[in-house]
Number of protein chains: 2
Amino acid sequence: MNEEKVITLNSLAKACADCHLQDVCLPIGISRKDMQRLDDIIKRKRPLPAGQALFRQGEDFRALYAIRSGSFKSVVYENNGRESINAFHFPGEILGLDSISERSCPSSAISLETSSVCELPFEELEELAQHIKGLQHQLLRIMSREIKAEDAFLRSLTHRSADQRLASFIINLAERRGNHGYSNHEFKLAMSRSDIANYLGLAVETISRLFTRFQNEGLLEIRRKKLKILKPEALMVTARTGSDSDKPDSNLAK
Amino acid sequence: MNEEKVITLNSLAKACADCHLQDVCLPIGISRKDMQRLDDIIKRKRPLPAGQALFRQGEDFRALYAIRSGSFKSVVYENNGRESINAFHFPGEILGLDSISERSCPSSAISLETSSVCELPFEELEELAQHIKGLQHQLLRIMSREIKAEDAFLRSLTHRSADQRLASFIINLAERRGNHGYSNHEFKLAMSRSDIANYLGLAVETISRLFTRFQNEGLLEIRRKKLKILKPEALMVTARTGSDSDKPDSNLAK
DNA sequence: CGATTACTTGAGCTACATCAACCGTGGTGG
DNA sequence: CCACCACGGTTGATGTAGCTCAAGTAATCG
């Protein structure tokens, strides 16, 4: 039914050298020989069904995970009982970077659909990085990118109205998808409306209303989970300035 | 007039080995000998007056900076002309971690008061990390901690009401301050109200009103920039549940 | 010492949350 | 194969937190 399954099966036993994600994943700029060494410590796990935890908040931190196919949400269960969705993760991205500083995982990773990952035992990875200059560099680079990307996105949220948030979110998804050679204007939303609402800090009803509004305005087409972006530019304008584009943005401007 | 100046003068020429921040800064868990090597690449810069840029958005990335005294804000000038405050930084923290993945700095660092830093030229640092196992580990740890801390904080913002945001912010400041052996219940707010408003995604007026409300409620005392926390527990309750503590938190609960 | 800038306070308005009802879809069992 | 239920999603009505606009006061600076 879906392309993910095919990819999963195809690449299950494959090495980094053959992986179609290698140019966004860890082994960028690493020699053939070193890649082999990296390969040796990587454990390729079998596909995880939807709704399963790859790791849970509070567990001991042992490994990073590179996503090969599917998608995940990181969930934090807060002290007040709420659960808060920290991030969504897609193929080529690394899960667990926020666990390194602690002994235990600060969040759970839950699959949103059937997904497969490469497990990177951290101790071995760190040991290896000590000997492969490119790997150390790449680890630092990815972590930095992670800081920057999430930060920028979350940051933009607190400053933005609901329509700006949702528009930014959609564009963000499309871009991340585009990075990996998939269509960046038509794709499936793996997460539920309430996941989106939680992530964006809005009510489910607001998400729903906005989707229908965006659709009425001809910005996109959405039916259930299938999303097609019709006017990317207009969507980006909405992300930047909100629906009301003639308003000069009084607050926060310098 | 203020203690910062004294510290600055005291430690201007001092090595990591003598620095009172060494147990939160980079050289944790590094041998005496290795610390010397780290020391050799560090450039100690002279104090920066308030309101100056340590580095500017768009500049080439060359170095990380460890803050010895004072404080900074990271500012991003967005494409729509707004300026958005990403973070505040205090002694013992590292500036520039978000620049590593790019060639240029994604944000500017502006001093909020007279501040001094240690410059860590990145190429040399990375080279050194290749040879000092503890240093590599420490770099990764700090970056991970950074991801987690900022993320958790920003995340909490989008889900929280104005009073929760401000209360969390104050607690956050107090904790970071407490980490370094200073009083954690009485300190100076280095940043302006509008900086706070910008950072928290609120209007200046709201910040002002909340400060007076918190004061009326006896949670704290604030006069201009001088802040004294009177009821830390009550403040934490506000941070978690908002002013209205008998409300059962309907949304987002699972 | 006037002028500029930072902060406070008040009044009204709006965007979004909340509450509630309803609808479509997919799953299950008869 | 249909009837039913459960659940995710949509839509409508209403309340309110916090933004905006406006004006006043206190601190800072030349």
Side-chain angles (χ1 to χ4, degrees), chain A residues 1 50-51 73 82 112-113 157-167 188-198 200-216 220-227 238 241-254, chain B residues 1 49-51 73 82 112-113 157-167 169 188-216 220-227 238 241-245 247-254:
Chain A
M1 184 197 189
K73 57 177 175 181
R82 295 187 180 189
L112 295 170
E113 57 196 310
L157 289 188
T158 60
H159 285 276
R160 283 166 150 77
S161 59
D163 50 3
Q164 290 175 298
R165 291 184 198 197
L166 185 59
K188 205 182 97 200
L189 292 174
M191 67 293 289
S192 70
R193 301 284 192 272
S194 71
D195 282 344
I196 299 176
N198 184 317
L200 296 179
L202 297 170
V204 202
E205 295 93 327
T206 304
I207 302 296
S208 196
R209 278 185 248 275
L210 283 174
F211 269 135
T212 58
R213 203 193 83 196
F214 286 172
Q215 186 158 257
N216 291 340
L220 49 77
E221 235 177 73
I222 182 153
R223 167 153 181 83
R224 202 124 189 88
K225 311 227 141 190
K226 208 73 192 162
L227 175 70
T238 301
T241 61
S243 57
D244 210 325
S245 52
D246 48 4
K247 183 179 56 180
D249 267 356
S250 53
N251 183 33
L252 303 170
K254 185 46 183 295
Chain B
M1 183 196 188
K73 58 177 174 181
R82 295 186 180 192
L112 295 170
E113 57 196 309
L157 289 188
T158 60
H159 286 279
R160 282 166 151 76
S161 59
D163 50 2
Q164 288 176 300
R165 292 184 196 197
L166 186 60
F169 176 70
K188 205 183 94 200
L189 292 174
M191 68 293 290
S192 70
R193 300 284 192 274
S194 71
D195 282 343
I196 298 175
N198 184 317
Y199 180 65
L200 296 180
L202 298 170
V204 202
E205 295 92 326
T206 304
I207 301 296
S208 195
R209 278 185 248 274
L210 285 174
F211 269 134
T212 57
R213 203 192 83 196
F214 286 171
Q215 185 157 255
N216 291 339
L220 48 79
E221 233 178 74
I222 182 153
R223 167 150 182 83
R224 196 112 194 99
K225 312 227 141 190
K226 210 70 194 165
L227 175 71
T238 302
T241 61
S243 56
D244 211 324
S245 51
K247 184 179 55 181
D249 268 357
S250 55
N251 184 33
L252 301 170
K254 186 44 183 296

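So that the names make sense, note that chain A is the first sequence line, chain B the second, and so on, each numbered from 1. In this text the structure is predicted, and so the values were computed from the model without any measurement.
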Checklist entry - Say you draw a straight line from CG of A:Leu166 to OG of A:Ser208; how long is it, rounded to the nearest 0.5 Å? => result 10.5 Å

Next on the checklist: Using only atom types and a distance under 3.5 Å, with no angle test, would you say the side chain of A:Arg160 pairs donor to acceptor with the backbone of A:Arg165?
Outcome noted: no

Next on the checklist: Tell me the interatomic distance from A:Asn198, atom CG, to D:dG8, atom C1', rounded to whole angstroms.
Outcome noted: 16 Å

Checklist entry - Looking at C:dT18, does its base get a donor-acceptor pair with the side chain of A:Arg209 below 3.5 Å? => result yes

Item to check | Heavy-atom side-chain contact between B:Leu157 and B:Phe169 under 4.5 Å | outcome: no

Checklist entry - Under 3.5 Å, is there a donor-acceptor pair between the side chain of B:Thr212 and the main chain of B:Arg209? => result yes

Checklist outcome for this item: Rounded to 10°, the helix from C:dC1-D:dG30 to C:dG30-D:dC1 deviates from straight, judged by its five-pair end axes, by 40°

Next on the checklist: Does any part of the side chain of B:Asp195, heavy atoms only, come nearer than 4.5 Å to the side chain of B:Leu112, both counted from C-beta?
Outcome noted: yes

Checklist outcome for this item: Closest heavy-atom pair, A:Asn198 versus B:His159, reported as atoms and distance to 0.1 Å, is O-CE1, 2.7 Å

Next on the checklist: So B:Tyr199 and B:Lys73, do their side chains get closer than 4.5 Å, heavy atoms only?
Outcome noted: no

Checklist entry - A:Ser208 near the nucleic acid: base, sugar-phosphate alone, or nothing, with a heavy-atom cut-off under 4.0 Å? => result base

Checklist entry - Using a cut-off of less than 4.0 Å, is there contact between a side-chain N or O of B:Ser194 and OP1 or OP2 of C:dA6? => result no

What's touching nucleotides 22-26 of chain D from the protein side, N or O pairs under 3.5 Å?
none

Next on the checklist: Show the nearest heavy-atom pair for residues A:Asp163 and A:Thr238, with the distance to one decimal.
Outcome noted: O-CG2, 4.0 Å

Checklist entry - Among the nucleotides C:dC7, D:dT20, D:dT11, which one has an atom lying closest to any side-chain atom of B:Ser192? => result C:dC7

Next on the checklist: Using the rule given for side chain to side chain contact (heavy atoms under 4.5 Å, CB included), can you reason through B:Leu189 versus B:Ile222, listing the C-alpha separation, both sets of side-chain angles and the distance that settles it, and then say yes or no?
Outcome noted: CA-CA 10 Å; B:Leu189 292 174; B:Ile222 182 153; 3.8 Å; yes

Checklist entry - Does a nitrogen or oxygen in the side chain of B:Ser161 sit under 4.0 Å from OP1 or OP2 of D:dA17? => result no

Checklist entry - When you check the phosphate oxygens OP1 and OP2 of C:dA15, does a side-chain N or O of A:Thr206 lie under 4.0 Å from one of them? => result no

Checklist entry - Should B:Lys225 be listed as having a side-chain N or O under 4.0 Å from OP1 or OP2 of C:dC7? => result yes

